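Remember, predicted model here, so these are calculated numbers, not experimental data. The figures that follow rest on heavy atoms only: side chains count, while hydrogens, waters and symmetry mates do not.
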Amino acid sequence: MASNLVQIYRRSDRFFHLLVGMPSYDKYVEHMRQNHPDKIPKSQREFFKEAMEAKYGAGRNKC
């Protein structure tokens with residue numbers, strides 16, 4: 001039962017990130033492991049900081 005709850009959480013997490021236009025950290029880590037095993041993935045904090053800067057602009061004011 002616990003594994004089912006974990007799967008549901010992961011799926012809903014990905015869905016909500018897509019819903020608000022944020023990339024999934026889990027998918028990023030999965031991509032890094034498969035395609036760039038020699039590189040260390042960014043921390044979750046770094047990943048979301050860069051995603052927010054890309055979406056809303058770093059240091060820019062938007063009206």
Side-chain angles (χ1 to χ4, degrees):
M1 181 166 166
S3 65
N4 289 340
L5 291 174
V6 169
Q7 288 178 344
I8 291 169
Y9 171 77
R10 286 185 179 155
R11 288 180 187 152
S12 65
D13 183 48
R14 288 182 181 182
F15 170 76
F16 287 116
H17 279 111
L18 289 173
L19 186 67
V20 297
M22 291 295 294
S24 169
Y25 181 71
D26 292 336
K27 288 188 90 166
Y28 161 73
V29 171
E30 184 179 311
H31 167 82
M32 290 298 289
R33 284 186 185 146
Q34 290 177 357
N35 298 299
H36 311 284
D38 56 320
K39 295 183 181 178
I40 299 171
K42 298 172 193 165
S43 70
Q44 191 170 17
R45 184 178 187 147
E46 291 171 323
F47 176 79
F48 283 114
K49 181 181 178 197
E50 286 185 15
M52 293 297 288
E53 288 174 355
K55 184 172 182 172
Y56 297 110
R60 294 184 301 178
N61 291 333
K62 289 188 175 184
C63 295

Can you tell me how far apart OH (Tyr25) and CZ (Phe47) are? Round to the nearest 0.5 Å. 8.5 Å

Can you list everything that forms a side-chain hydrogen bond (donor to acceptor under 3.5 Å, both in side chains) with Glu50? Sequence neighbours excluded, please. Lys42

Roughly how far, to the nearest 0.5 Å, is the NE2 atom of His31 from the OG atom of Ser24? 13.0 Å

Quick one: list whatever passes side-chain hydrogen bond (donor to acceptor under 3.5 Å, both in side chains) with Asp38, sequence neighbours left out. none

